[in-house]
Amino acid sequence: MRINEEIRIREVRVTDVNGEQLGIMLTKDALRLAEEQHLDLVEVAPKARPPVCRIMDFGKYRYEQQKRDKEARKKQKVITVKEVKIRPNIEQHDFEVKLKNAQRFIEDGDKVKVTVMFRGRELSHPEIGNAILDKMAKALEESVTVERAAKLEGTLS
């Protein structure tokens, strides 16, 4: 935003502090009017013909803008992806512990990625991994939606 002497255009449309139109006038006259009120002339719509300027306290405006931005940042929720790693030959109790962890992550508002880690010859039976992932998705189905289906990553070498 350009303010006061930074406005280099000859004529501008001016509005006062309350938003009332003061009309089109020379920039130097608008500047003088703003100085008389101990305020700033701020260009709010530079693309308009002629550009629109408002007489306001620029410091106060900038402070309020920063306050609004800070409030907006506070209300944003950062979603992180938590990972739950399991093995294809996982025991029932261990599976339930991992399931409970995944539910806790979901309740906290995070996304959960479930990874089945294969070692050696286990990789020749990917259907076991898919069955475990389906079991996990079924157990969580009332509180989640599956964003991406199971996918085999890595190599068979």
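All values below come from the heavy atoms of this structure, side chains included, with hydrogens, waters and symmetry mates left out.
Closest approach of Pro88 and Ile128 over heavy atoms only: O-CG2, 3.5 Å. Ile106 and Ser143 make their closest contact through CG2-O, 4.2 Å (heavy atoms, listed as atom of the first residue, atom of the second, distance).
Considering CG of Asp16 and CD of Gln37, their distance stands at 7.0 Å, rounded to 0.5 Å. With values rounded to the nearest 0.5 angstrom, Leu133 atom CG is found 5.5 Å from Ile86 atom CD1. Rounding to the nearest 0.5 Å gives a distance of 10.0 Å between CG of Leu99 and CD1 of Ile90. Taken from CD1 in Ile3 to OH in Tyr61, the straight-line distance is 12.0 Å, to the nearest 0.5 Å. Taking SG of Cys53 as the reference point, atom CD of Glu11 lies at 12.0 Å (rounded to 0.5 Å). Expressed to the nearest 0.5 Å, how far NZ of Lys98 lies from CG of Asp94 amounts to 8.0 Å.
For Glu147, the side chain to side chain donor-acceptor pair (under 3.5 Å) partners are Lys111, not counting sequence neighbours. Under the rule for a salt bridge (charged side-chain N to carboxylate O under 4.0 Å, His left out), the partners of Glu36 that lie at least two apart in sequence or sit in another chain are Arg32. Residues passing the side chain to side chain contact (heavy atoms under 4.5 Å, CB included) test with Ala45 are Ala48, Val52, sequence neighbours excluded. With sequence neighbours excluded, the residues forming a side chain to side chain donor-acceptor pair (under 3.5 Å) with Glu96 are Gln92, listed by chain and number. Every residue was checked against the salt bridge (charged side-chain N to carboxylate O under 4.0 Å, His left out) condition with Arg62, not counting sequence neighbours, and none meets it. A search for side chain to side chain donor-acceptor pair (under 3.5 Å) contacts involving Asp110 returns Thr80, not counting sequence neighbours. Lys47 pairs by the side chain to side chain contact (heavy atoms under 4.5 Å, CB included) definition with nothing, not counting sequence neighbours. With sequence neighbours excluded, the residues satisfying salt bridge (charged side-chain N to carboxylate O under 4.0 Å, His left out) with Glu71 are Lys74. Lys75 meets the salt bridge (charged side-chain N to carboxylate O under 4.0 Å, His left out) test with no other residue; sequence neighbours excluded. For Glu122, the side chain to side chain donor-acceptor pair (under 3.5 Å) partners are Arg87, not counting sequence neighbours.
Within the 4.5 Å cutoff, no side-chain heavy atoms of Val112 are placed close to those of Gln103. Proximity of Met1 to Glu43: side-chain heavy atoms (C-beta onward) are nowhere separated by under 4.5 Å. Using a 4.5 Å heavy-atom threshold, the side chains of Ile132 and Met136 count as separate.
Remark: side-chain polar atoms of Asp40 are not paired, donor with acceptor, to backbone N or O of Asp57 under 3.5 angstrom. Between the Thr115 side chain and the Lys85 main chain, no donor and acceptor come within less than 3.5 Å of each other.
Taking Ile, Leu, Val, Met, Phe, Trp and Tyr as hydrophobic and joining them when side-chain heavy atoms fall under 4.5 Å apart, one finds Ile55 in a cluster with Ile7, Ile9, Val12, Val14, Val17, Leu22, Met25, Leu31, Leu33, Leu39, Leu41. Cluster note: Tyr63 groups with no other residue, as no ILVMFWY side-chain heavy atom lies under 4.5 Å from it.
Looking only at atom types and distance, the side chain of Glu127 has a donor-acceptor partner in the side chain of His125 under 3.5 Å away.
Atom CZ of Arg68 has more than 12 heavy atoms from other residues, nucleotides or ligands within 6.0 Å.
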Worksheet item: So Arg10 and Leu26, side chain to side chain contact (heavy atoms under 4.5 Å, CB included) or not? Walk me through it.
Response: CA-CA 6 Å; Arg10 200 169 93 80; Leu26 295 173; 3.7 Å; yes
